[in-house]
Protein chains: 2
Amino acid sequence: MVGIKDVARAAGLSVATVSRALNGQSAVSDGARAKVLSAAEALGYRPNVVARSLRTDRTRTIGLVISDVLNPYFTELARSVEEEARALGYSVIIGNADERAELEDHHVRSLMERRIDGLLVSPADGRSPTTLDAASGTTPVVFVDRWIPGSDAPVVRSDGRGAIRDLVAHLYGLGHRRLAIITGPAATTTGRERVEAFRAALSEFGLSLPDSHVGTGDFQAESGRLATEAFLDLPERPDAVFATDNLMALGALDAIRDRGLRVPGDIALAAFDDIPWFPHTAPPITAIAQPTAELGRVAVRALAGLIAGEPATSTVLPAHLVVRRSCGEPEPSAPTGGATRE
Amino acid sequence: MVGIKDVARAAGLSVATVSRALNGQSAVSDGARAKVLSAAEALGYRPNVVARSLRTDRTRTIGLVISDVLNPYFTELARSVEEEARALGYSVIIGNADERAELEDHHVRSLMERRIDGLLVSPADGRSPTTLDAASGTTPVVFVDRWIPGSDAPVVRSDGRGAIRDLVAHLYGLGHRRLAIITGPAATTTGRERVEAFRAALSEFGLSLPDSHVGTGDFQAESGRLATEAFLDLPERPDAVFATDNLMALGALDAIRDRGLRVPGDIALAAFDDIPWFPHTAPPITAIAQPTAELGRVAVRALAGLIAGEPATSTVLPAHLVVRRSCGEPEPSAPTGGATRE
DNA sequence: CGGCACGCTGGAAACGATTACATGATCGGA
DNA sequence: TCCGATCATGTAATCGTTTCCAGCGTGCCG
């Protein structure tokens with residue numbers, strides 16, 4: 001591999017001058033710069049970023065630990081994170097936790113060892129000591145989507161409360177009274193928050209949420225199927241199911257289809273997180289959409305700020321309801337507040 | 001940050017002994033090892049992999065450049081690659097090319113600068129000189145799914161010819177005669193291969209493929225929509241469309257739906273690449289399934305072999321047709337060879 | 001004309017690990 | 001008893017950069 005020494009020799013200059021010319025930092029004469037540039041070009045010199053990082057203690061790399069790459073929500077997040085990071089001159093290393101705490105730990109540890117400049121994490125386990133340690137260490141950390149209570153790292157997320165209330169209003173308006181929810185793990189902030197918002201909205205409409213109507217999932221499709229099967233086995237089955245992520249909604253759809261039931265005729269279905277496939281499922285699924293790409297961009301900017309020594313800033317963006325047909329034919333009158341119709 | 005020197009001081013030993021004890025390479029006395037281990041533990045020592053990599057010239061990291069993270073096919077591939085790599089002690093850095101040649105170049109270059117031990121790439125541009133250079137350099141490279149003709153790097157891919165023939169037979173059996181295809185970019189091997197296999201299968205059934213029935217897409221949803229609109233504008237529109245990837249099928253579905261037409265009544269639709277959503281679309285989509293996860297695992301093993309100095313091995317795995325309802329109600333008799341029915 | 005500041009350059013010291021080589025101790029066999 | 005082999009350990013070189021510092025020339029000002 002051609003190194004800076006080879007360039008220096010070819011240009012007839014010292015490595016120090018070559019380094020300066022290449023990094024454009026301090027003063028180098030035009031002649032020297034030209035010689036260096038052409039020598040580097042001719043030799044096809046590519047700096048060894050490993051050596052550079054060792055010296056500068058900066059890797060220009062950020063880590064992103066997401067809970068599940070197979071979840072379209074997170075891939076969209078990952079995409080926007082990478083895009084924004086690249087624009088800011090950073091590379092991104094993605095770690096996929098697969099909703100498993102020990103994998104999350106593995107990735108967080110491994111990324112810290114790589115001396116990333118900053119870490120973006122959406123914790124699969126909201127109590128992970130490893131992640132909490134990382135967040136309280138010297139490496140800048142920003143939580144995105146989910147966070148760990150008790151850490152003072154900034155959080156970039158979207159607030160689904162308003163949209164969940166809109167959803168309940170929508171369901172209520174269509175005549176549904178026995179509402180059920182499939183939650184995420186209680187160890188995640190989003191898992192807890194969504195069920196709380198749902199419960200609050202229900203009580204606002206004078207409805208209750210019996211334990212039998214709360215299915216605990218893990219944000220994966222299979223758990224959505226199981227929870228839904230349990231609902232369908234109830235003596236009085238719910239007439240609407242709210243899956244708190246898109247994969248569990250998929251599982252719910254499977255379970256309903258396998259019983260030969262129909263959506264929304266036999267049972268209504270709605271999901272948290274909107275994805276490109278929802279308009280195309282049978283029937284198109286009513287969902288709560290987060291500004292996912294924006295979330296990623298804002299999180300990266302917050303992290304870059306932190307790395308540059310700026311103060312931490314948390315951000316909360318709104319989510320909104322997208323009404324389709326999976327809860328029943330929408331009433332032709334004015335839509336509920338803030339909801340989009342497709 | 002606590003370094004090896006701190007551990008050495010705490011253990012009352014030299015850094016050399018500490019390094020040896022930690023890496024378990026050469027002989028260290030039991031006493032020394034115990035002292036080192038407890039000191040490292042007590043101090044929370046984590047090796048600086050940047051420094052280690054500089055010295056050893058190995059990063060225990062492989063790069064994966066995929067054409068589009070938003071495509072479920074590639075996220076599944078990425079997931080299995082990461083999983084297998086982790087099992088083998090490697091980390092993975094993913095680069096998303098977004099089907100853009102210049103982004104692919106950027107990522108390949110950036111990964112090489114990072115001194116990754118090996119590179120897995122599914123080229124968005126089958127003529128990229130940067131990628132070709134990388135493949136002919138000293139860093140081991142394995143192509144997965146797509147490859148670059150002219151390079152002798154091993155290729156791990158799946159052969160869709162048989163399944164495409166099965167698909168054509170299936171369509172023919174359902175009475176479809178005017179078949180159309182939405183291809184990927186001619187710059188990709190998969191783009192060319194699928195249309196060739198399709199054309200070959202058609203002629204086997206005595207059908208021709210006029211130019212007007214070949215829409216060129218770029219493996220993204222929007223291009224599928226545009227190509228399909230062109231088909232629908234034809235004086236005599238095709239009665240079946242084969243989209244050569246899942247996103248273009250999504251776009252096709254959009255276009256068909258927007259015209260108020262129905263699948264398969266007005267027009268049949270099939271896709272290359274099966275994804276979890278296809279059983280749930282309206283109607284469920286007939287697709288050709290690749291053994292995606294297996295592809296990823298095999299590719300990683302081939303790359304690890306290359307890194308270890310073993311000879312290169314290419315692999316071709318079979319794809320198969322999964323019949324659903326988007327081409328019409330399947331005939332109740334024996335299915336065409338090798339196809340699965342759902 | 002002397003001195004100072006400034007611009008450009010090169011030598012050499014980091015960065016934190018691994019590892020070649022040297023050293024000292026211990027032990028067995030001649 | 002002495003020598004050589006073996007084992008555990010330490011010293012120092014090394015990886016490829018960046019960057020501190022010193023030196024040297026040049027130009028400007030007093």
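If you're wondering where the values come from, they're calculated on a predicted model, not measured in any experiment. Here is how names work: the chains are called A, B, and so on, in the same order as the sequence lines, proteins then strands, and each is numbered from 1.
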Would you mind classifying the nucleic acid contact of A/Val28 as base, sugar-phosphate or nothing, using non-hydrogen atoms under 4.0 angstrom?
-> sugar-phosphate
Euclidean distance, atom [atom1] of residue [X] to atom [atom2] of [N] [Å, nearest integer]:
X        : N      : atom1 : atom2 : answer
A/Leu43  : D/dG16 : CG    : P     : 15 Å
B/Arg9   : D/dT11 : CZ    : P     : 14 Å
B/Ile4   : D/dC15 : CD1   : C1'   : 15 Å
A/Lys5   : D/dT14 : NZ    : C1'   : 9 Å
B/Asp57  : D/dG16 : CG    : P     : 7 Å
A/Arg58  : D/dG16 : CZ    : P     : 23 Å
B/Glu113 : D/dG16 : CD    : C1'   : 14 Å
B/Arg46  : C/dG16 : CZ    : C1'   : 16 Å

Of the options B/Arg297, B/Arg301, B/Arg79, which is the one that meets B/Glu84 in a side-chain hydrogen bond (donor to acceptor under 3.5 Å, both in side chains)?
-> B/Arg301
Is the phosphate of [N] approached by [X] (side-chain N or O, under 4.0 Å from OP1 or OP2)?
X       : N      : answer
A/Tyr45 : D/dT17 : yes
A/Ser29 : C/dC8  : no
B/Asn48 : C/dC15 : no
A/Thr56 : D/dT19 : no

Side chain of [X] (C-beta onward), nearest among [options]:
X       : options                : result
B/Arg20 : D/dT17, C/dC21, C/dT9  : C/dC21
B/Ser14 : C/dG10, D/dG10, C/dT18 : D/dG10
A/Arg55 : C/dC15, C/dG10, C/dT19 : C/dC15

Quick one: pull up CZ in A/Arg46 and CE in B/Met112 and give me the separation to the nearest 0.5 Å.
-> 10.5 Å
Going by distance alone, is a donor N or O of one side chain under 3.5 Å from an acceptor N or O of the other, for [X] and [Y]?
X        : Y        : result
A/Ser128 : A/Asp105 : yes
A/Ser67  : A/Arg146 : yes
A/Arg157 : A/Thr189 : no

Closest-nucleotide 5' rank along DNA chain D - winner of A/Val18 and B/Asp30 | B/Asp30
Along DNA chain C (nearest heavy atom to each residue), the more 5'-positioned of B/Ala51 and B/Thr17 | B/Ala51
